[in-house]
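Per chain, numbering begins at 1; letters A, B, ... match sequence-line order.
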Amino acid sequence: MTQSLPGFREFYPPECAVKRAIFQKWQQTMLAYGFAEVEAPILEPLELFTDKSGPEIAEQLFHFVDKGGRAVALRPEFTPSVVRMVAARAQGLRKPIKWFNIGEQFRFERPQKGRLRSFYQLNVDCFGLADFSADAELIALLIQLFRVFGLTQADVHIRLSDRNLWFFFLESCGITGQAALDVLALIDKMEREDRAKSLEKFQKCVGDNASVLLTQIEALIAARDLPSLKIALGGALSNPAVAQRLAEWEGLLDTLDAMGVLPFIQIDLGIVRGLAYYTGFVFEAFEVSGRSRALAGGGRYDTLVEKLGGPALPAVGFAIGDVVLTDLLTEKNLLPTCNMTPDFYVVSSGPAERRIALGDVQILRAAGFWVEYALVDTGFSKQLKLADQAGARHALIYGESELAQGLVKLRHLGTRVESDVPHAQLKETLSTLSSSHHA
RNA sequence: GUGGUUGUAGCUCAGUUGGUUAGAGCACUGGAUUGUGAUUCCAGGGGUCGCCGGUUCAAAUCCGGUCAGCCACCCCA
């Protein structure tokens, strides 16, 4: 038999229930924060992605030429699509534009822990607001997206960094332009590399000063509060723009404190995010031990919309994927799930009773209850066994003697307690059983 | 793209130094039970041992290749 492709998942009912429960929590949270849902094509012109990330990105994409001769690709991320959408109507949209999307993404990479070729992402963006209040809003939102699953500051934290600060610092060292971006890429790798190797790479990049520079960079990365950060910035402090930026840091942290999420925040300039288009605060969410890969990542990208052909529009966004999150929730025993058991299982004692029951089943289902019964008529005991196997909360028993008195028997399958319900008021009576009604 | 490791039923696994029709538990199906469902008892279906090739009188077992899973590197939007 042909099997599914590497890195693609099949979702049987239990996994599907988990996925749906996660999406529901995501969606609910996003609406509470005032974000509107948008959707875009899964298949896009290849150039949408190469324009943003360069032609090399094609190596990591599922791309092909369609029957119309177009070079197309399955989307590896949502950002280019949403930027296109926002750019097309930016003039007419009230700012800030707060949008989100939950969708499948595809990357042609070798699968490993926390990384597949197909995965789902919640993508969140806020356009049109350059102020750090937007960054605070998104960081608080990201934290809430963990809290709704029962994760706490003991489980996850947000490592918060700032590309601007890095650029100011490197500028004070005489490193600008592409060289600065190259150094940032090296900083990004330092965490996973031994010092000697990093030093060697720095030397190639900036020459003889590498050793001093590396020491300064390490001090910046080690800083966990603003005072240490100031000290580590050294000569860069003489730049008035740095003082202004530090004031923004204070503002951001104060806002996050007011929002009650500061305990989740760890200042950590070691996070720089690989991509060139990030422009300000950047952040990544990790399990506190830091062993697994990032749960989420994002930051400010104030120049990307314009770069992709839109108007100048500041933006901040993040994405959270389902794979690492699901792994973590499984590990912490916090996996949500959707109810997969019926409210009622209808049991009937004979053909006449079954006819009446069938009519009621339709009525109860129309009222929103999840109702099951044995499709193939079978013995009474067997029906109860099936009710038990289905995991139904209650059995509704249609018996000859009960119906003769205008009653239906309601049996709680857990406690085995039975009660009589007037047949005429069946729907109304069952509706009063709390927590069993799917509105 | 590179490297390590694993592959026997739906799942978890057993299978002796290569030796008859490849097993168990769980799960699944049917029955014992025609008005009361844990558990129980009986029966049943399901595997060309990932696939292809080689060695051998003989391969689930040894060898090679390949595919897939897992893990790591690369990369990480």
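Rounded to whole Å, the P atom of B:rU48 lies 13 Å from the corresponding atom of B:rC11. As rounded to the nearest Å, B:rU40 and B:rU56 have C1' atoms that lie 50 Å from one another. Atom name P, nucleotides B:rG4 and B:rG64: the rounded distance is 13 Å, in whole Å. Taking atom P in both B:rG19 and B:rA60, one finds a spacing of 9 Å when rounded to whole Å. For B:rG47 and B:rA24, the C1' atoms lie 14 Å apart once the distance is rounded to whole Å. When the P atom is compared between B:rG30 and B:rU66, the two are found 46 Å apart, to the nearest whole Å. Distance check on atom P: B:rC52 versus B:rC13 gives 25 Å, rounded to whole Å. Taking atom P on both B:rU55 and B:rC63, the two are 16 Å apart, rounded to the nearest angstrom.
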Donor-acceptor pairs are to be reported for all side-chain atoms of residues 111-122 of chain A against protein atoms at under 3.5 Å, with residues two or more places apart or in another chain.
from, atom 1, to, atom 2, distance (Å)
A:R115, NH2, A:R110, O, 3.3
A:R117, NE, A:E109, O, 2.7
A:S118, OG, A:E104, OE2, 2.6

Donor-acceptor contacts, no H, no angles, side chain residues 378-388 of chain A, under 3.5 Å, sequence neighbours left out:
from, atom 1, to, atom 2, distance (Å)
A:Q383, OE1, A:S348, N, 2.9
A:Q383, NE2, A:S348, O, 2.8
A:Q383, NE2, A:T378, O, 2.9

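Nucleotides of RNA chain B lying under 4.0 Å from heavy atoms of chain A occupy a range whose first and last members, 5' to 3', are B:rG1 to B:rA77.
Nucleic acid contact for A:E418: base, since at least one base atom lies under 4.0 Å from a heavy atom of the residue. Counting non-hydrogen atoms under 4.0 angstrom, A:Q389 reaches nothing in the nucleic acid. If you check every strand for non-hydrogen atoms under 4.0 Å, A:G399 touches a base. At a threshold of 4.0 angstrom between heavy atoms, the contacts of A:K409 include nucleobase atoms, whether or not backbone atoms are also involved. Contact annotation for A:R273: backbone-only contact, meaning every heavy-atom pair under 4.0 Å involves sugar-phosphate atoms and none involves a base. Nucleic acid contact class of A:G7 (heavy atoms, under 4.0 Å, all strands): sugar-phosphate only. Using a 4.0 Å heavy-atom distance criterion, A:Q121 is classed as making no nucleic acid contact.
Taken residue by residue, residues 75-83 of chain A places heavy atoms nearer than 4.0 Å to RNA chain B at A:P76, A:E77.
A donor-acceptor pair under 3.5 Å links the side-chain atoms of A:D343 to the main chain of A:W370, judged by distance alone. Panel note: side chain A:D51, backbone A:L48; no donor-acceptor pair is recorded below 3.5 Å. Under the 3.5 Å distance criterion, the side-chain polar atoms of A:E306 are left unmatched by any main-chain donor or acceptor of A:T303.
Residues A:K382 and A:E400 each lie close to RNA chain B; by heavy-atom proximity, the contact nearer the 5' end of the strand is made by A:K382. Ranked by how close their nearest RNA chain B nucleotide is to the 5' end, A:L386 and A:R115 are led by A:L386.
At a threshold of 4.0 Å, the pair A:E200-A:K197 does not count as salt-bridged, since none of the basic side-chain nitrogens sits closer than that to a carboxylate oxygen.
None of A:V346, A:V361, A:V371 except one satisfies the side chain to side chain contact (heavy atoms under 4.5 Å, CB included) rule with A:L396; the exception is A:V346.
Stem analysis of RNA chain B (Watson-Crick or G-U pairs, both distances under 3.5 Å, runs of at least three) returns B:1-7 with B:67-73, B:10-13 with B:23-26, B:28-32 with B:40-44, B:50-54 with B:62-66.
A 4.5 Å side-chain heavy-atom check between A:F8 and A:F106 finds at least one atom pair inside the cut-off.
For the atom pair CZ (A:R411) and CZ (A:R416), the distance works out to 6.0 Å, reported to the nearest 0.5 Å. Between atom CZ of residue A:R355 and atom CD of residue A:E353 there is a gap of 12.0 Å, rounded to the nearest 0.5 Å.
Legend: residues meeting ring pair (Phe, Tyr, Trp, His ring centres under 6.0 Å) with A:W166, ordered by chain and number and at least two apart, are absent.
Using modelled atom types, one finds no donor on one side chain facing an acceptor on the other under 3.5 Å when comparing A:Y33 with A:K98.
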